[in-house]
**Student:** 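Sending over a structure as structure tokens; questions will come in a sec.
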Amino acid sequence: MPTGAPRQPPAAGRIRHALHGTGPMAAVFCVAVAMVLGAGEWARRDALDTQWDNLRRNSEVQALALRGVATRYSYLPFTAAQQPHVMALLRNPQSQTARNTANAYLQTVNTNAGSEALYVMDAHGLTLAASNWDTATSFVHQNYGNRPYFRDALQGQAGRFYGVGKTTGEPGLFVSAPVYDGEKIVGVVAVKVNMQPIVDTWSQLRDPVFVTDQRGIIFLGSVHHWLYKTTHALPDQDIRQLQHDEQYGGHWVPQPVPWKVLRQREDEPGAQLRVPQTRSDYLALAETLPDLGWTLTLTADSKVVAQARQQAWALAMLASGLLVLGALYWQLRERHLRENRQARIELEQRVLERTHALQQAEAFRRSMEDSLLVGMRARDLEGRIVYVNAAMCDMVGYSAQELIGRLPPYPYWHPDELARHWQDSEAALSGQAAPQGFESQLRHRDGSDVHTMVYTARLIDGDGQHIGWMSSVVDITDQKRSEEHQQQREAQLQRVQRVITVGEMASTLAHELNQPLAALVNYAAAARSMAAQGRTELLNESLTALSNQALRAADIVGRIRRWVRQHPETRDPCDLNTAVEQSLALLLQAEARRHGIPVRLALLPEPLFVNADRVLLEQVILNLGLNALQAMQALPQSPGRPIHPPELLLRTTVGSGHVCLQVLDRGPGLPPDVAQRLFEPFFTTRADGLGLGLNICRSIVESMGGETLARNREGGGALFEIRLPRVAIAP
């Protein structure tokens, strides 16, 4: 090259010169810049939409899993509240036998169900029995009256509460149900559910997952140091309430979460969080669970979005460079193509991994559904079955393939209850199903009857649209059978007691009628003699006396017939003193005379009105009096024992709002082992007794709102006392 010739610019310089020197090349450069910027924004938006879609799908799966764990044991408190053992303990909380029986029952049910603890509290929150009664952290004698789930159940509602245990210090979900005695709530049954398994599942995920309560406090999540921190400031009233309830421990004070919300755009379904400690930004999608009162939040690292935009920029710049540079950058294009292929391979691998994770989550959800003991049935708006779980199939004996797609009438409807099934189905499909559920009798495929309780709620899809109805079906066949057996047993006990009492009355009735019958014979003989002698005045007197004795015998028979006749149980105001006198005249006086035992009355002069069935009240008095006479008749004589003359004393007293009848004897008294089992059915100390009398007497008195007591009499003998509410009668 000649020394004076100008130097040639390099290739890049020539290209830049060409771009600036010509109009078309400048336009191409502008288009290339616009392509780069547009591609980056498009890639960012596409990656962001993909992340939100992934979060939505994962949120549906995790919400379903969370609901499954939270509602898995909801039936336990309701079922346990119906058990006679629980009711017996609440009626007699001082009975160690009732407490031991209830502890054993709760321990068995809790072990079979797999829950953490199942326990019973009285109306003041004091735990009377628990499944963990024999452990160091037993709930027995602990008071949970300040817990919201106890207050909700005491108001007749099903309670649900997540918090730190007061006894164990371990968190859990507490579900409660009221225990009714008639229409009165007498106690609460609660179950504690361990939520740690689902937390362990979340801990395996790459990004944080957490659940907040209605106040915005994180109580469940995969990041341990976020627990019990607040997502926003709490009012002082809420703080005091939480500290009073000890929901998150006795020393909880509000602390803010260690992250802040960057922004939440209107076109995005969630927000973006920044965690300064880890220098990470996350996309956060919140899923509200109104049935639980919680909010489930899933997060995803936003680095994926930034990387997608950067990759799009690189590709766009590559394409623009190819467009501008052409063949000069051919090798560079090949290199970027290889990088792109590698990126696709990695992307496909991530897709496969995500698909496998979704399959695992789906398998986990199905396993949880199949493990439920409650039958689940989903129907569309027309009543077509679209889903049933394994428990529902086992309950009716039909497979899921046989049930899905069926319209009413369903094959498990009971043929004798078709009209009611149609009525219940139409009410449910029209949204008028009873919120407290309804009973439904089904027919199993093998022909057996299945009694169930059905609860129906709306089925909402991911877009918030009402697409059908979801029903929970609880098998209560065993409960129904137990109730029927209990009713039959009570009716049989009452009939047996009447037969026994009538049998005991038979011999006394014959003795009681001997006197008027003998008098009738004597007066009849005297009347014949007076008629033969023509003594009219004496004849009239004999006939009058004869008529009086006949009326007396008829009155005795009539009172016995009225007593043993099957009366419907009616309650009317009646005088306790009059009932005692009638019982004494009916049988006790004659029986006492037959055994040579004096009867003494110590009745208050004024009437003592109680609201009771007069016939049943007289039966109780008669039974207690006969028992006292029999006890004194069998009294053994031993040297050195103070001898008190046998005596039957019937005494009435008045207490605060109630009246009392005391039946006192001078028999052998009540040994401790006998006194403890005195009112048990079929327990007796008599060789010819059935052991039903005192048990039925107590049941009759309790049905009238009273109570029956027994203790030893001072100086020897026994004292039986019945207390009944006093009724004021207007003059």
Side-chain angles (χ1 to χ4, degrees), residues 87-95 98 122-124 126 181-187 569-586 588 599-629 631 647-667 669-670 672 674-676 678-679 693-731:
M87 183 59 65
L89 176 60
L90 290 172
R91 288 176 175 172
N92 191 7
Q94 303 302 324
S95 172
D122 62 15
H124 303 288
L126 180 65
D181 187 358
E183 296 183 355
K184 180 181 178 182
I185 298 177
V186 297
E569 183 178 350
T570 58
R571 296 183 185 178
D572 299 304
C574 61
D575 182 14
L576 181 60
N577 289 334
T578 302
V580 174
E581 293 171 350
Q582 290 181 353
S583 299
L584 184 65
L586 178 65
L588 286 179
V599 180
R600 185 161 61 92
L601 295 180
L603 306 180
L604 294 177
E606 73 272 14
L608 305 177
F609 287 100
V610 295
N611 196 20
D613 186 312
R614 183 180 59 79
V615 174
L616 294 180
L617 181 58
E618 292 178 3
Q619 177 185 350
V620 172
I621 299 171
L622 187 61
N623 200 325
L624 295 178
L626 291 175
N627 283 350
L629 293 175
E647 174 195 51
L648 175 61
L649 172 60
L650 301 176
R651 180 169 61 196
T652 56
T653 62
V654 176
S656 177
H658 64 270
V659 297
C660 301
L661 169 64
Q662 297 178 344
V663 180
L664 303 93
D665 63 55
R666 287 297 183 182
L670 304 173
V674 174
Q676 186 176 6
L678 197 60
F679 294 99
L694 290 178
N695 177 262
I696 293 179
C697 286
R698 184 178 67 173
S699 299
I700 292 174
V701 173
E702 288 180 350
S703 70
M704 299 175 185
E707 59 178 340
T708 307
L709 306 173
R711 60 182 181 273
N712 285 316
R713 181 182 182 183
E714 184 177 356
L719 184 152
F720 284 81
E721 180 179 66
I722 60 174
R723 295 181 181 179
L724 294 170
R726 189 171 187 178
V727 178
I729 302 298

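Residue indices begin at 1 and follow the sequence shown.
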**Student:** Which pair of heavy atoms, one from Ala602 and one from Leu649, lies closest together, and at what distance?
**Tutor:**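 Shortest heavy-atom contact: CB-CD1, 4.1 Å.
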**Student:** Compare all side-chain heavy atoms of Leu648 with those of Val663 and state whether any distance is below 4.5 angstrom.
**Tutor:**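 Counting from C-beta outward, Leu648 and Val663 do come under 4.5 Å.
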**Student:** What's the spacing between Leu724 CG and Thr708 OG1 if we round to 0.5 Å?
**Tutor:**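 Reported value, rounded in 0.5 Å steps: 8.0 Å.
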**Student:** Would you say Val186 and Met87 make side-chain contact, with heavy atoms under 4.5 Å?
**Tutor:**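 Result yes, sub-4.5 Å side-chain heavy-atom pair found.
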**Student:** When you compare the side chain of Glu618 with that of Ser583, does any pair of heavy atoms fall below 4.5 Å?
**Tutor:**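 Counting from C-beta outward, Ser583 and Glu618 do come under 4.5 Å.
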**Student:** Tell me if a side-chain donor or acceptor on Asn611 pairs with a main-chain N or O of Val727 at a distance below 3.5 Å.
**Tutor:**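 A pair under 3.5 Å: no.
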**Student:** Are the side chains of Glu702 and Glu707 in contact, using a 4.5 Å heavy-atom criterion?
**Tutor:**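 No, every pair of side-chain atoms sits at 4.5 Å or beyond.
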**Student:** Strictly distance-based, threshold 3.5 Å: is any side-chain N or O of Thr652 a donor or acceptor partner for the main-chain N or O of Leu604?
**Tutor:**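 At least one qualifying donor-acceptor pair exists.
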**Student:** Can you name the nearest heavy-atom pair linking Leu89 to Ser95, along with the distance?
**Tutor:**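 So the two residues come closest at CD1-O, 4.4 Å.
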**Student:** So, taking the atom named CD1 in Ile722 and the one named CE in Met704, what distance separates them when rounded to the nearest 0.5 Å?
**Tutor:**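 Separation between the atoms: 8.5 Å.
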**Student:** Show the numbers, then the answer: is there a side-chain contact (heavy atoms from CB on, under 4.5 Å) between Ile621 and Leu661?
**Tutor:** CA-CA 9 Å; Ile621 299 171; Leu661 169 64; 3.5 Å; yes
**Student:** About how many Å separate CG of Leu126 and NE2 of His124, when rounded to the nearest 0.5 Å?
**Tutor:**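 So the gap between those two atoms works out to 9.0 Å.
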**Student:** Check step by step if side-chain contact (heavy atoms from CB on, under 4.5 Å) holds for Leu624 and Val620.
**Tutor:** CA-CA 6 Å; Leu624 295 178; Val620 172; 4.1 Å; yes
**Student:** Can you give each donor-acceptor pair under 3.5 Å made by side-chain atoms of residues 709-717, sequence neighbours left out, with the distance rounded to 0.1 Å?
**Tutor:**
| from | atom 1 | to | atom 2 | distance (Å) |
| --- | --- | --- | --- | --- |
| Asn712 | OD1 | Leu670 | N | 2.5 |
| Asn712 | ND2 | Leu670 | O | 3.1 |
| Arg713 | NH1 | Asp665 | O | 3.3 |

**Student:** Between Gln582 and Arg614, is there a side-chain heavy-atom distance shorter than 4.5 Å?
**Tutor:**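 SC-SC contact between Arg614 and Gln582 confirmed.
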**Student:** Indicate yes or no: at least one non-hydrogen side-chain atom of Val610 is less than 4.5 angstrom from one of Arg723.
**Tutor:**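 SC-SC contact between Val610 and Arg723 ruled out.
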**Student:** So does Asn695 get a backbone contact from the side chain of Ser699, meaning a donor-acceptor N/O pair under 3.5 Å?
**Tutor:**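 Such a contact is found between Ser699 side chain and Asn695 backbone.
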**Student:** Can you tell me if His658 uses its side chain to pair, donor with acceptor, with the backbone of Ser656 under 3.5 Å?
**Tutor:**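 At least one qualifying donor-acceptor pair exists.
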**Student:** The test is side-chain contact (heavy atoms from CB on, under 4.5 Å); show your working for Cys574 and Leu617 and say whether it passes.
**Tutor:** CA-CA 10 Å; Cys574 61; Leu617 181 58; 4.1 Å; yes
**Student:** Below 4.5 Å, heavy atoms only, C-beta onward: do Leu584 and Val599 meet side chain to side chain?
**Tutor:**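 Side chain of Leu584 against side chain of Val599, heavy atoms only: contact under 4.5 Å found.
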**Student:** Of all heavy-atom pairs between Asp575 and Leu608, which one has the smallest distance, and what is that distance?
**Tutor:**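 Minimum heavy-atom separation between Asp575 and Leu608: OD1-N, 2.8 Å.
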**Student:** Please report the C-alpha distance between Phe679 and Ile696 in whole Å, then the side-chain angles of each, then the deciding distance to 0.1 Å, and finally whether the side-chain contact (heavy atoms from CB on, under 4.5 Å) criterion is met.
**Tutor:** CA-CA 8 Å; Phe679 294 99; Ile696 293 179; over 6 Å; no
**Student:** Determine whether Asn627 and Leu694 make a side-chain contact, defined as any pair of heavy atoms from C-beta on separated by less than 4.5 Å.
**Tutor:**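 Sidechains of Leu694 and Asn627: in contact.
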